[in-house]
Amino acid sequence: MIQKPSWLNGDLVGQLEEDSIRERLEALVKLVHEAPFNITGFRTPEELWVHGVFDAVQTVQGVRLSEIHTAIDIGSGGGFPGLVLAILMNSTSWLLIEARQKRAEYLSYMAERLNLSNTQVIHERAEEFIRHQEEYREWADIVTARAVGSLKTTLELSLPFLKIGGRGLFPKGRTHVRAEVEESRELCQKLGGNIEEISVPYGDNGTSQVVRVVKVRATPPQFPRRAKWLGMDITKE
């Protein structure tokens, strides 16, 4: 493991020093780095630690981890943040949803190699999965989603999975995050959520922030819509 950056904080940071956790995270970074295809945009082990592992830790800053029993990561890709958080939060049941077949297969392979019995990988689009697996509607205490699209799309995919009182944790680049948040407030309310806050900037040169959303009432059953309608304005419907 490389040296932890000065911006890293939160309840999970101390666990990075535990031998068993560190060994699993090192194994994860190696598996991602040695993947037989381009599973992530990060090329070097250092990038994987900084932008993958440490960024994942920062995603859940300020969350009461003892209250998190069920969690979903949408668009898990190379396992960030889903596999990282599944390693660190091993008493939480994690569902990693990935639409791309090769990535879903490799996620399953990595979860097996890392012996993550608390983790299940789903190869399907999130909006389709929840349509025929209704038991996962309002199932999760937290939902994470990184780089799955605009904040509007992320909210529509994520909020149906959240319990009332649960939280969505969405890492975003700092440049346009406030504009995205303002554009998404009305939609968020229609989906049953409130945008709670934007975290303080973190990461290299303070370029990242986490948008935190709390679920305050049930999401209407017609959401999420199918893929071709996602991202279209529903606030005027």
Side-chain angles (χ1 to χ4, degrees), residues 28 31-32 35-41 52 56 59-60 68-87 89-90 92-164 166-172 187-188 191-193 211 213 215 218-232 234:
L28 170 61
L31 285 166
V32 175
F37 60 96
N38 184 19
I39 196 172
T40 177
T59 298
V60 294
I68 308 304
H69 307 292
T70 50
I72 292 176
D73 183 37
I74 295 176
S76 295
F80 305 126
L83 282 180
V84 175
L85 295 178
I87 290 170
M89 301 165 63
N90 58 14
T92 298
S93 294
W94 278 89
L95 200 67
L96 311 188
I97 303 177
E98 173 54 52
R100 294 163 292 185
Q101 182 175 351
K102 288 176 64 176
R103 284 171 173 76
E105 289 174 351
Y106 200 68
L107 280 169
S108 295
Y109 168 73
M110 290 194 291
E112 183 177 354
R113 285 286 304 273
L114 296 166
N115 195 28
L116 292 176
S117 59
N118 63 330
T119 304
Q120 181 182 3
V121 176
I122 301 296
H123 168 222
E124 195 165 2
R125 296 187 67 93
E127 68 273 20
E128 296 300 331
F129 174 71
I130 201 171
R131 287 179 182 276
H132 60 82
Q133 297 288 345
E134 284 285 328
E135 65 268 30
Y136 288 103
R137 185 174 283 273
E138 300 188 348
W139 175 83
D141 294 307
I142 62 170
V143 174
T144 60
R146 173 175 174 167
V148 299
S150 68
L151 182 57
K152 284 185 175 182
T153 297
T154 300
L155 290 171
E156 187 167 347
L157 289 174
S158 302
L159 282 171
F161 288 100
L162 273 176
K163 294 177 181 177
I164 295 175
R167 280 170 169 75
L169 307 169
F170 310 126
K172 285 285 182 180
L187 168 63
C188 188
L191 293 168
V211 178
V213 176
K215 181 80 168 278
T219 302
Q222 66 267 34
F223 301 115
R225 296 166 297 167
R226 296 191 182 277
K228 67 178 181 179
W229 302 113
L230 282 172
M232 295 184 66
I234 67 172

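Side-chain contact between Leu31 and Leu114 is present, with heavy atoms from C-beta onward closer than 4.5 Å. Looking at heavy atoms from C-beta onward, Arg226 lies in side-chain contact with Glu128 at the 4.5 angstrom threshold. With a 4.5 Å cut-off on side-chain heavy atoms, Asp73 and Leu85 do not count as touching. Between His132 and Glu124 the shortest side-chain heavy-atom distance falls below 4.5 Å. Between Met110 and Ile39, the closest side-chain pair of non-hydrogen atoms falls below 4.5 Å. Contact of the Phe170 side chain with the Val148 side chain is not registered, since no non-hydrogen atoms from C-beta on lie closer than 4.5 Å. In this structure, the side chains of Leu116 and Trp94 stay at 4.5 Å or more apart for every pair of heavy atoms.
Put simply, the residue from Ile72, Leu155, Thr70 that forms a side-chain contact (heavy atoms from CB on, under 4.5 Å) with Val143 is Ile72.
Closest approach of Ser76 and Leu96 over heavy atoms only: OG-CB, 3.3 Å. Residue Asp141 comes nearest to Leu162 through the heavy atom pair O-CD2, 3.8 Å, listed as atom of the first residue, atom of the second, then distance. Listed here is the closest heavy atom pair of Pro160 and Pro224: CG-CD, 3.4 Å. Closest approach of Glu127 and Arg125 over heavy atoms only: OE2-NE, 2.5 Å. For Thr92 against Ala71, the heavy-atom pair with the smallest separation is CG2-CB, 3.9 Å. Phe223 approaches Glu156 most closely through the heavy-atom pair CD2-OE2, 3.6 Å.
Note that the CZ atom of Arg131 and the CZ atom of Arg137 stand 8.5 Å from one another [nearest 0.5 Å]. For the atom pair NE2 of His69 and CE of Met89, the computed distance is 10.0 Å after rounding to the nearest 0.5 Å. If you take CG on Leu107 and CD on Gln120, they are separated by 12.5 Å, rounding to the nearest 0.5 Å.
In this structure, the side chain of Gln133 does not engage the main chain of Glu135 through any donor-acceptor pair within 3.5 Å. A donor-acceptor pair is defined here as one N or O able to donate and one able to accept, closer than 3.5 Å; such a pair exists between the side chain of Lys215 and the backbone of Leu159. Under the 3.5 Å distance criterion, the side-chain polar atoms of Glu98 are matched with a main-chain donor or acceptor of Gly77. Judged by distance alone, the side chain of Ser108 and the main-chain N or O of Val121 form no donor-acceptor pair under 3.5 Å. In this structure a side-chain-to-backbone donor-acceptor pair under 3.5 Å is present from Asn118 to Ala86.
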For the pair Phe129 and Leu95, evaluate side chain to side chain contact (heavy atoms under 4.5 Å, CB included) and give the outcome as yes or no after the intermediate values. CA-CA 12 Å; Phe129 174 71; Leu95 200 67; 3.8 Å; yes

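Using cut-offs of 30° and 60° on the angle between ring planes, the pair Tyr106 and Phe37 is perpendicular.
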